[in-house]
Amino acid sequence: MKISLWGGYFDIHKRMSSLLADLNPEQLEAITLPHQSALILAGAGSGKTRVLTTRIAYLIQSGQVSPHGILAVTFTNKAAREMLTRITAMLPINTRGMWVGTFHGLCNRMLRSHYQEAGLPQAFQILDTADQLAMIKRILKSSGVSDKEFPPRQVQWFINNAKEGGLRASQVETYDQFTRNMAEFYLAYEQRCYKEGVVDFPELLLRCYELLMRNEILCKHYCDRFSHILVDEFQDTNQLQYRWLKLLAGTGSSMCSAVFVVGDDDQSIYAFRGADTENMKHFEHDFNISHIIKLEQNYRSHGNILNAANTLIQNNSGRFGKNLWTSEGHGEALRVYNAATDFDEASFIVDEVKTLHAEGIELSQIALLYRSNAQSRVLEHSLFNASLPYRVYGGMRFFERQEIKHALAYLRLIANPDDDNALLRIINFPTRGIGPRSLEQLQDTAGQQGWSLSTAAANKYGGEAVSAEESAKTKKGVAGFVSLLQVMRQDCAELTLPEIVKHMLAHSGLIAHYQKEREGADRLENLNELINAATSFVHEAEDDSLIAFLSHASLEAGEHQAGTDQDALQLMTAHSAKGLEFHSVFLSGLEEGLFPHENSRDDDNGLEEERRLMYVAMTRARRRLYLSFAQSRMLHGQTRYNVRSRFLDEIPDNLMKWLQPVQKMDVSYFGSSAENQFAKPVRQTSDYGKRRTGFVNQKSQAGQWRVGQNVLHAKFGAGVIINCEGQGSDARVQVRFDRVGMKWLLLEFAKLTPV
DNA sequence: AAGATAACTGTTTTT
DNA sequence: CAGTTATCTT
């Protein structure tokens with residue numbers, strides 16, 4: 001007994017000291033702060049996540065708080081997951097009871113627990129941005145106003161802005177006809193959402209805020225419970241999120257919680273979507289922060305990179321101020337390349353990547369960053385031709401795919417019949433002969449009676465309940481749809497989540513529909529994947545109900561695409577790169593109008609945000625940083641002539657090394673990679689399927705090079721011709737090689753042997 | 001109800 | 001230029 005006690009005691013100490021080992025003084029100070037609110041200014045690569053997670057582990061390990069008393073909030077699901085994994089790795093105890101999640105996720109959680117007090121139906125559904133826009137379009141249409149006069153996107157922007165400012169439709173200040181109209185749409189939208197039992201993203205926050213605001217007892221309950229609130233990326237919070245935090249912390253009255261926020265004003269790059277850096281200054285004041293802890297030691301980059309970034313960011317005003325430093329050496333100079341064209345820039349990057357790769361740097365440790373997504377095209381083209389594997393981030397996500405949204409719409413209707421958005425999406429998909437006129441009738445009835453569409457449909461066409469699913473099929477049109485849903489709802493009552501999904505896929509006709517479609521294979525695969533998603537959800541989530549799964553689908557859109565296991569180059573915008581690091585970083589398109597972007601150039605705030613973005617991009621690099629710009633660039637079908645970015649001039653000369661453009665008229669270079677130089681792009685879009693752009697199938701040519709011919713290539717080995725194109729010296733063939741896949745080859749250069 | 005053509009529109013993004 | 005969306009055909 002005694003021994004085990006001592007053993008346990010010793011264990012805790014050992015664990016505690018290993019927890020706090022290798023921390024620098026500032027990190028240690030932040031982690032071991034007493035029960036008080038704190039503002040940690042954490043520079044890029046300064047171990048921010050480590051501080052946050054270790055702080056939590058420390059608080060629990062030292063017995064200051066139980067997991068039950070901790071609430072940690074992040075912006076992305078990825079960050080929340082990472083945090084939880086790291087905490088669990090540090091602690092021997094069960095972390096259940098701890099609330100770790102995104103603002104939206106946590107608000108959803110509270111609203112689910114107190115749906116009645118919040119005035120929501122139990123099965124309330126969450127609208128994503130696209131759903132919200134669809135809803136707004138519907139309202140504008142029924143109000144009879146033109147899309148031209150009131151663009152739906154603008155209305156959406158207005159509504160979300162108001163909500164993020166904490167304002168309801170009735171509270172919006174109307175000082176002219178325009179805002180009066182907007183407020184009117186907002187009100188109509190609010191009422192529709194209420195009727196249908198749906199909430200949009202900002203509504204989750206606002207509703208939760210109002211819930212705590214109005215219900216003192218409940219608010220007190222959470223205040224008392226969460227004695228420690230920790231916030232990641234605090235510089236990205238908007239007004240409403242800040243107010244929510246203050247409420248939860250119990251400021252006004254007793255100030256019961258300690259709020260520990262970590263952020264970096266220099267990395268605030270989301271002002272355009274409502275993030276308010278001022279929150280950091282408000283926090284300092286509202287929470288009586290006497291001293292800000294600055295984490296300035298950087299564990300990521302070499303000195304030259306940091307100094308360049310430091311000098312750049314010093315051009316911004318109103319900073320808290322901080323200078324990153326490293327105990328590692330200066331490292332290499334930044335490499336700058338002045339390209340003649342965007343194409344030239346891309347081939348320069350390709351050459352450098354090849355060299356780096358040859359030197360042993362993994363492709364996944366190299367990032368190509370750009371300001372806007374459109375810039376990836378030229379790069380992709382060159383990379384493809386060079387046969388370099390790459391991965392583009394920021395495409396369509398799993399739960400946003402058309403077929404998945406259709407499937408989810410069926411599930412949502414099973415859970416919540418009043419969801420008109422969902423109904424409209426699939427009432428005639430797969431087609432069941434419900435045209436615009438019957439839909440209009442239905443909407444009229446619903447409008448007159450104040451019913452939801454599915455109630456209207458049931459009352460109009462429903463009749464007695466149908467027992468066998470067969471009768472659902474025999475009925476036509478709306479009546480068929482009504483009994484289909486009825487039957488589905490009945491059947492699903494007894495099934496587990498994965499079974500519900502399977503059942504729905506089979507009986508909705510979605511599977512049959514996509515089996516018929518030519519390009520449907522990938523969609524079918526995705527629908528199958530939805531069953532898998534449901535299965536793993538049941539295994540992982542505490543609440544495995546359909547409603548919980550639907551929330552999950554809305555709040556976590558899923559990884560961008562199935563991650564290829566292959567070592568691949570990383571292509572992404574500077575925004576997406578935030579939080580990541582790479583051995584080498586290529587920062588391309590450093591031109592006035594592009595970076596800084598022309599839309600941000602005119603006002604100081606915009607320019608400073610662009611500069612922060614540049615700062616974020618630069619500090620992604622560990623060892624080597626390339627900066628490049630092109631004198632001319634193809635944009636929107638026009639060649640634009642740009643001057644180099646002012647940001648380049650803000651970096652000290654002695655930290656940069658200007659690379660000379662290499663003469664590329666070398667014959668051996670030209671000859672040896674001719675296949676690649678002239679190969680045609682096959683760009684795999686992030687959407688379903690393998691859509692090709694850039695060429696059309698041509699008739700096969702006469703002669704020995706024809707479709708179906710087996711060939712042998714010196715480098716690529718055996719393959720078969722699957723496409724022919726062009727005449728004379730332009731003649732090229734597309735070959736599917738056994739080993740290296742598809743390639744376009746110029747016949748003049750590629751030495752092909754017919755087999 | 002699917003397929004074809006015309007018109008439009010171009011930052012950054014998570015929930 | 002290229003990708004999406006609205007509109008017009010068959």
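Bear in mind the structure is a predicted one, so any value in this text is a computation, not a measurement. Letters A, B, ... mirror the listed sequences (proteins, then strands); counts begin at 1.
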Side-chain heavy atoms of [X] within contact of [Y], under 4.5 Å:
X	Y	result
A/L206	A/R168	yes
A/F150	A/F158	no
A/F201	A/T129	yes

Tabulate protein N/O versus nucleotide N/O from nucleotides 5-10 of chain C, keeping only pairs under 3.5 Å, one per line.
none

Of the candidate nucleotides [options], which contains the atom at the shortest distance from the side chain of [X]?
X	options	value
A/T431	B/dT12, B/dA2, C/dG3	B/dA2
A/R377	C/dG3, B/dT14, B/dT13	C/dG3
A/M634	B/dT15, B/dT11, C/dC1	C/dC1
A/S372	B/dT11, B/dT14, B/dT13	B/dT11
A/H636	B/dT13, B/dG10, B/dA2	B/dG10

Rounded to the nearest Å, what distance is computed from the [atom1] atom of residue [X] to the [atom2] atom of nucleotide [N]?
X	N	atom1	atom2	answer
A/L111	B/dT15	CG	C1'	14 Å
A/K578	B/dT13	NZ	P	12 Å
A/N599	B/dT9	CG	P	15 Å
A/E598	B/dT11	CD	P	9 Å
A/E400	B/dT14	CD	P	9 Å
A/M572	B/dT12	CE	P	15 Å
A/N160	B/dT15	CG	P	16 Å
A/I269	B/dT13	CD1	C1'	9 Å

Check every strand shown and say whether [X] touches a base, only sugar-phosphate, or nothing at a heavy-atom separation below 4.0 Å.
X	result
A/S554	nothing
A/N77	sugar-phosphate
A/N373	sugar-phosphate
A/F75	sugar-phosphate
A/F103	nothing

Item to check | Comparing A/S600 and A/I434 on DNA chain B - which has the more 5′ nearest nucleotide | outcome: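 Upstream on the strand: A/I434.
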Checklist entry - According to a strict under-4.0 Å criterion, is A/T102 in side-chain N/O contact with OP1 or OP2 of B/dT14? => result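 No, because none of the side-chain N or O atoms of A/T102 sits under 4.0 Å from OP1 or OP2 of B/dT14.
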Checklist entry - Side-chain N or O of A/T573 less than 4.0 angstrom from OP1 or OP2 on B/dT13? => result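 It does, given that an N or O in the side chain of A/T573 lies less than 4.0 Å from OP1 or OP2 of B/dT13.
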Item to check | Rounded distance in Å between the P positions of C/dT4 and B/dT11 | outcome: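 The same atom, P, in both gives a distance of 14 Å.
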Next on the checklist: With rounding to the closest Å, how many angstrom separate the P atoms on C/dT5 and B/dT12?
Outcome noted: 16 Å
Checklist entry - Could you go step by step and tell me if A/E650 and A/N315 meet the side chain to side chain donor-acceptor pair (under 3.5 Å) rule? => result CA-CA 8 Å; A/E650 294 175 6; A/N315 290 293; 3.2 Å; yes
Checklist entry - Is it true that the NZ or CZ of A/R391 lies under 6.0 Å from the centre of A/Y393's six-membered ring and within 45 degrees of the ring axis? => result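 Judged by the rule (NZ or CZ under 6.0 Å from the ring centre, within 45° of its axis), A/R391 counts as positioned above A/Y393.
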Checklist entry - May A/H104 be described as stacking on the base of B/dT15, applying a 5.5 Å centroid limit and a 30° limit on plane angle? => result no
Checklist entry - Using a distance-only test with no angle check, is there a side-chain donor-acceptor pair under 3.5 angstrom linking A/Q132 and A/D200? => result yes
Item to check | Any donor-acceptor N or O pair under 3.5 Å, side chains A/Q441, A/Q443 | outcome: no
Checklist entry - Which residues, if any, of residues 271-280 of chain A bring a heavy atom under 4.0 Å of DNA chain B? => result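 Contacting residues: A/F272, A/R273.
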Item to check | A/L550 backbone acceptor or donor facing A/Q125 side chain under 3.5 Å | outcome: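 Checking the backbone N and O of A/L550 against the side chain of A/Q125, no donor-acceptor pair under 3.5 Å is found.
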Checklist entry - Is the backbone N or O of A/H597 less than 3.5 Å from a side-chain atom of A/E610, with the two atoms forming a donor-acceptor pair by type? => result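 Yes; judged by distance alone, with no hydrogens or angles, the pair exists.
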Next on the checklist: Can you tell whether the side chains of A/R397 and A/D128 come within less than 4.0 Å, N to carboxylate O?
Outcome noted: no
Checklist entry - Got a sec, which residues hit side-chain hydrogen bond (donor to acceptor under 3.5 Å, both in side chains) with A/R86, two or more places apart in sequence or on another chain? => result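 Applying side-chain hydrogen bond (donor to acceptor under 3.5 Å, both in side chains) to A/R86 gives A/E82.
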